[in-house]
Amino acid sequence: MAGVSIQNVEKAFDDARVIHGIDVEIAKGAFVVLVGPSGCGKSTLLRLIAGLEDVTGGSIRIGGQEVNDMAPKDRDIAMVFQNYGLYPHMTVAQNMGFALKLSGVDKTEIAKRVENAAGILNLDALLDRYPRQLSGGQRQRVAMGRAIVRDPQVFLFDEPLSNLDAKLRVQMRAEIKQLYQRLKVTTVYVTHGRCDRGHA
Amino acid sequence: MKHAKLKKRATAWVVHLLLGLWLVFSLLPPVMLLAASLNSTALFRSPLDLLLLRDFTLDNFTQAFTRGDFWFFFTNSLIISGAAVAITLVVCVPLAYGLTKISGRARAAVSYGVLAMRFIPYVVLALPMFLIFVNLGLSGSRTGLLLAHLSIHIPFATWMLVGFFDTVPGELEEAGIVDGCTPWNLFWDVTLPVVRSGIIALAILVFIISWNEYLFALFLAGSDAQPLTVGITRFLGGAEAGAEYGVIAAYAVLVIAPVILFALTANRFIVSGMTAGAVKG
């Protein structure tokens with residue numbers, strides 16, 4: 001687990017400056033919610049932390065180490081995407097274990113960790129299914145499972161509930177909260193909805 | 001209530017009737033072909049006689065195999081079509097994937113450049129190709145004919161594949177990047193499996209186009225590299241012999257059969273709706 005330190009970070013896409021020198025200190029184990037209207041740069045900030053975009057200026061540190069020029073996979077972060085971003089040709093178990101497989105963890109260890117994460121998220125019965133066979137809420141849980149299997153320093157959530165209906169949103173919000181309370185991993189959570197902020 | 005039900009039923013009847021007619025209309029030519037190949041005198045017989053196999057014989061097929069050098073032409077067709085599929089995929093899949101990764105003008109320029117090749121009717125290409133191949137010593141060779149086919153396939157396949165790759169949501173590769181994919185992993189393990197069905201469909205299409213190609217073969221194949229489509233013409237006969245329609249029909253059946261087999265086999269690997277469930281649809 002690590003804190004995230006954002007110092008004077010700027011981001012411009014060609015001539016369009018999106019982020020003008022932001023400073024944020026996120027303490028180790030904190031749950032930080034970024035709220036704001038669409039297009040205000042909150043998702044961009046999250047993507048900068050993830051390393052999906054390069055910063056134009058300033059520095060980002062995760063656990064004290066500057067990550068500006070570090071590839072996403074070396075930053076030890078996990079991200080949950082708005083549209084789930086599940087691999088459609090892989091089963092739930094394969095989706096969750098893919099990152100571990102890529103980093104060369106052996107099969108029995110992968111199976112163990114996937115099973116463990118599946119237990120936390122109530123996905124045990126779904127491990128052999130494909131994403132197309134799951135409901136929206138189940139898909140989002142798999143996306144979260146994929147994140148926690150890796151045991152990362154930081155969780156990044158990019159509007160994870162915006163695709164769910166109102167009832168499911170309440171339920172998933174509670175699950176994310178529970179998950180956080182259980183794992184106590186530093187979390188950055190982006191949302192445009194005020195009600196998300198209120199409950200999370 | 002009863003009225004509505006009756007109306008619904010009548011509509012269903014009409015739809016099925018029209019579909020039935022359409023089925024007969026589309027199946028009649030191949031069925032007649034098969035019938036003609038199994039009768040000894042294909043010409044001057046009524047279609048009904050042919051369909052009832054009044055003069056049943058397998059002799060046409062024997063003729064096609066023996067006098068027709070079937071296996072020689074078949075080998076040419078198979079090698080050229082098979083190689084065309086393999087090379088087209090090896091060249092176009094990475095090319096199209098690369099095109100979707102570059103942005104703006106460069107992409108438009110390359111895409112249109114590739115597509116512009118399709119603006120030219122390929123009859124026009126046959127003559128200059130012939131001249132070029134004569135100079136290169138490629139005329140009358142399988143390699144030459146294969147190159148000619150590729151000039152048709154590569155623009156077409158690239159254009160189709162760019163379309164397939166464009167349907168893969170960007171979020172999928174981003175998830176892959178965060179999971180630790182190298183660029184190769186992103187291509188091979190994340191994106192390629194998603195467009196697999198499209199690639200198989202494309203492979204079928206390329207194979208069929210190559211297998212049925214006639215014009216280039218006529219111009220460029222000489223006598224050594226002739227495929228089945230050219231081979232069949234020897235039974236059209238001269239002025240004195242007349243066309244042997246029964247043998248031609250048998251030959252045509254033999255030409256069509258492998259394509260149908262190939263398509264049916266490949267079809268099994270096409271899973272529809274592969275991207276379903278990847279992202280919110």
Side-chain angles (χ1 to χ4, degrees), chain A residues 14 46-47 49-53 71-92 94-105 129-136 138-140 142-143 146-147 149-150 152 154-156 158-164, chain B residues 89 93 97 100-108 161 163-203 266-281:
Chain A
D14 296 323
L46 199 70
R47 293 166 61 82
I49 299 171
L52 291 169
E53 307 282 356
K73 68 179 168 108
D74 301 321
R75 297 187 182 198
D76 208 0
I77 46 100
M79 187 155 169
V80 176
F81 293 86
Q82 183 176 9
N83 297 313
Y84 325 131
L86 300 177
Y87 311 116
H89 56 288
M90 296 186 198
T91 61
V92 169
Q94 287 167 334
N95 260 288
M96 288 166 70
F98 188 56
L100 299 176
K101 190 178 155 197
L102 287 172
S103 58
V105 177
R129 298 232 192 135
Y130 287 91
R132 63 175 176 276
Q133 299 166 311
L134 304 177
S135 69
Q138 289 169 333
R139 285 176 202 172
Q140 195 53 273
V142 175
R146 187 166 63 174
V149 157
R150 297 174 50 195
V154 180
F155 276 134
L156 306 173
D158 189 8
E159 305 202 20
L161 307 180
S162 61
N163 274 326
L164 305 175
Chain B
L89 292 185
V93 170
Y97 182 72
T100 57
K101 295 291 147 199
I102 58 175
S103 55
R105 268 189 213 159
R107 175 179 167 171
L161 286 163
F164 296 154
F165 284 126
D166 270 342
T167 64
V168 180
E171 211 171 63
L172 213 55
E173 289 215 337
E174 288 181 346
I177 291 170
V178 173
D179 267 351
C181 284
T182 59
W184 172 256
N185 290 137
L186 285 181
F187 169 65
W188 191 256
D189 296 325
V190 174
T191 302
L192 206 55
V194 177
V195 297
R196 200 181 74 145
S197 298
I199 291 177
I200 294 168
L202 182 70
N267 212 12
R268 290 210 339 245
F269 296 100
I270 296 179
V271 189
S272 63
M274 197 64 219
T275 48
V279 296
K280 171 84 179 176

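Side-chain atoms are counted along with the backbone in the values below, which use heavy atoms only and exclude waters and symmetry mates. In what follows, chains carry the letters A, B, and so on, assigned in the order in which the sequence lines appear, proteins first and then strands, with residues in each chain numbered from 1.
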Task: Check: B:E174 and A:D158 side chains under 4.5 Å, non-hydrogen atoms - done: no
Open item on the list: Show the nearest heavy-atom pair for residues B:I177 and A:P72, with the distance to one decimal.
Closed with: CG2-CG, 3.3 Å
Task: Side chain proximity check, A:F81 to B:V178, heavy atoms < 4.5 angstrom - done: yes
Open item on the list: Using heavy-atom distances under 4.5 Å, tell me whether A:I77 contacts chain B through its side chain, its backbone, both, or neither.
Closed with: both
TODO: Determine the minimum heavy-atom distance between A:R146 and B:A175, stating which atoms define it.
DONE: NH2-CB, 3.5 Å
Open item on the list: Tell me the closest heavy-atom pair linking B:L172 and A:L86, and the distance in Å.
Closed with: CD1-O, 2.8 Å
TODO: Select one option (side chain, backbone, both, neither) describing which atoms of A:A147 are under 4.5 Å from chain B's heavy atoms.
DONE: neither
Task: Heavy-atom proximity to chain B below 4.5 Å, by part of A:R47 - done: side chain
Task: Separation of A:K101 NZ from B:D189 CG (nearest 0.5 Å) - done: 6.0 Å
TODO: Find the distance between CG (B:D179) and CG (A:L102) and round it off to the nearest 0.5 Å.
DONE: 6.5 Å
Open item on the list: Working note: B:V190 + A:F98, criterion side chain to side chain contact (heavy atoms under 4.5 Å, CB included); need CA distance, chi angles, decisive distance, verdict.
Closed with: CA-CA 10 Å; B:V190 174; A:F98 188 56; 4.0 Å; yes
TODO: May I ask you to test the A:N83-B:P169 pair for a side-chain heavy-atom distance under 4.5 Å?
DONE: no
Task: Donor-acceptor contact below 3.5 Å, side chain A:H89 vs main chain B:L192 - done: no
